[in-house]
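The model shown is predicted, which means the values in this text are computed figures rather than measured ones.
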Amino acid sequence: MHVTTCVAKFIEGSSAHRNIFAVNGHPQGARYGGDPYQRSGRDLRLDLFRGLSLIFIFVDHVPDNVLSYLTLQSFSFCDAAEVFIFISGYAAAVVYGKALQRRGSIIATAQIYRRVWQLYVAHIFLFVIFAALVFYATLNVQHQNYNEDLGIDNFVDEPNIAIVKTLLLQYQPKYLDILPLYVVLLGIFPLVLLLLRRHLALPVMVSAVIYLLTLHFGWQPHSYPDDEAWYFNPLAWQFLFVIGATAGYAPYSRQVLTMPSAWLAKLAIGITVAVAIIHISWTIHGAYEAFPGLLLQELSPLVDDKANLAPLRLASFLALAVTAGHLVRRNNRLLYTPVARLIIRCGQHSLQVFCLGVLLAVLGEILLTSVRDDIAMQLAISLAGIVLMVAIGGLLTWYKEGNAMRSDAVFAADTNAAR
């Protein structure tokens, strides 16, 4: 438990290491082209890493994608899902922790469940478009049963049951398993906030106990149609979400978690480098069997259980998070490059970009199986998808900035008229 609180405290920051996702502004904000998020003091690293995780999720979802050798899963025991859930917990604590401090628990809870409703509606809407796309492909592509391949066949066989299970988040076809997890985690977040307000370490301790009991007793919710476990077991993944929330809430807490951050940074970097070397050897071994996979038989069983967030996956991610916090500071010039700006905009509109990425992954699988499946097609689909995701992020940013400018103009006109 001491290690977990140390990690949260390191990410929160200290006199030697500033907060990886701190919410205070900095003087270089004006360089970001007047972005309203930057003017509000929003830490761009949070959006950068979340945007990268969305792009990685899309790339990894395209079947047998050669570009996936460049994503996080190729040099770490974790992948983009851990990044997304951790940052979601962190961002929730920043946004709703501020609301809790300023407006009280009732308003904060109302805001949380408003967001839960948005996520739930987005998931149902995504399911409908997903199903329509799969049905259309099945009807028009010969010798391909996309209904079965993408897990939508039960919706055809017994739609009356499948639609109810969808509304209950128990029916999760391929690619549609992250949003239900996020809905559940955010649904319990008011309780996490209340525990954070009582003591910073309390929710982490409770969450760790639930995580360990889940691993020991095999607790898991069941899904439709085969009564199998959720692909992401919320009873296990809540631990990572709560760790992120604890780090995000730390600036609003009166408690201080003391820790020797200097050696933790060195340890985290060492673990991250060691894991990268080991996992790269596994990746090469998978493509060229004669190449030895370092500690493959010993460690792979401790990594494979993604559904229950295997402890080695969790440790790998925490080491990576601390390493990122140490190497990428708040005023890093990388954050203000044109490429980073495009990725940041994806992270700032994560829900819309994620939904688009899921549909693009489905379309990519259909094209690969119906047209041709070679490296050129994989790269074309991946690059086209990334461009579209970046484009929607930029379009939504432009629309939001335009709305803000129009609101300012209307307010100024009303003020002048009142005079």
Side-chain angles (χ1 to χ4, degrees), residues 46-47 49-63 65 68 71-73 76 78-92 115-131 133-134 150-152 165-189 220-224 228-245 305-310 313-314 317 346-347 349-365 385 389 392-393:
L46 189 145
D47 297 316
F49 295 138
R50 180 157 48 186
L52 279 174
S53 71
L54 294 173
I55 292 174
F56 287 170
I57 288 172
F58 160 70
V59 171
D60 292 339
H61 278 171
V62 177
N65 191 357
S68 64
T71 63
L72 185 59
Q73 67 171 359
S76 177
C78 60
D79 59 27
E82 280 88 349
V83 179
F84 182 79
I85 293 301
F86 175 84
I87 292 180
S88 297
Y90 194 107
R115 182 60 174 173
V116 170
W117 175 249
Q118 291 174 342
L119 294 170
Y120 179 79
V121 171
H123 174 68
I124 302 303
F125 186 67
L126 179 61
F127 178 90
V128 172
I129 299 179
F130 175 93
L133 181 60
V134 174
L150 295 169
I152 206 77
K165 296 297 185 179
T166 299
L167 294 174
L168 295 175
L169 302 180
Q170 293 179 314
Y171 187 25
Q172 301 174 8
K174 192 175 181 180
Y175 306 141
L176 299 184
D177 40 34
I178 294 183
L179 276 183
L181 171 67
Y182 192 13
V183 168
V184 171
L185 295 180
L186 202 58
I188 65 171
F189 191 65
Q220 55 190 13
H222 295 280
S223 62
Y224 170 85
E228 296 178 349
W230 283 30
Y231 186 77
F232 295 100
N233 184 352
L235 293 172
W237 281 78
Q238 54 80 28
F239 189 33
L240 181 59
F241 185 83
V242 171
I243 293 174
D305 191 6
K306 182 177 180 179
N308 292 305
L309 189 61
R313 294 183 65 96
L314 178 61
F317 171 77
C346 290
H349 302 282
S350 57
L351 180 58
Q352 297 92 330
V353 173
F354 171 79
C355 292
L356 176 63
V358 169
L359 296 177
L360 290 174
V362 174
L363 183 60
E365 181 166 343
M389 294 169 72
I392 196 67

Exercise. Hey, could you give me each pair passing salt bridge (Lys or Arg N to Asp or Glu O under 4.0 Å) that has a residue in residues 172-185? Not counting sequence neighbours.
Key: K174-E365
Quiz item: F317 and F86: ring-ring contact (aromatic ring centres under 6.0 Å, His included), yes or no, with the steps?
Solution: CA-CA 9 Å; F317 171 77; F86 175 84; 5.2 Å; yes
Counting N and O atoms only, with roles assigned by atom type, does the side chain of [X] sit under 3.5 Å from a partner on the main chain of [Y], one being a donor and the other an acceptor?
X	Y	value
Y175	H61	yes
Y120	L167	yes
S76	Q73	no

Quiz prompt | Y224, OH atom: more than 12 neighbouring heavy atoms under 6.0 Å | solution = yes
Quiz prompt | Those residues that, when tested against E228, pass side-chain hydrogen bond (donor to acceptor under 3.5 Å, both in side chains) (two or more places apart) | solution = none
Exercise. Considering non-hydrogen atoms only, spot the tightest contact between C346 and M389 and give its length.
Key: SG-O, 3.5 Å
Quiz item: Going by heavy atoms in the side chains, are I392 and H349 under 4.5 Å from each other?
Solution: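 Not touching, per the 4.5 Å side-chain cut-off.
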Quiz item: With side chains defined as the heavy atoms from C-beta onward, is the minimum distance between Q220 and W230 less than 4.5 Å?
Solution: no
Exercise. With sequence neighbours left out, write down each residue that passes side-chain contact (heavy atoms from CB on, under 4.5 Å) with S53, or none if nothing qualifies.
Key: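 So S53 forms a side-chain contact (heavy atoms from CB on, under 4.5 Å) with R50, A80, V83, F84.
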Quiz prompt | Set of side-chain contact (heavy atoms from CB on, under 4.5 Å) partners for A81, sequence neighbours left out | solution = D79, F232, W237, K306
For residues 351-358, tabulate all N or O donor-acceptor pairs below 3.5 Å that involve a side-chain atom, not counting sequence neighbours.
none

Quiz prompt | Under the salt bridge (Lys or Arg N to Asp or Glu O under 4.0 Å) test, residues paired with D60 that sit two or more places apart | solution =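 If we apply the salt bridge (Lys or Arg N to Asp or Glu O under 4.0 Å) test to D60, skipping adjacent residues, there are no hits.
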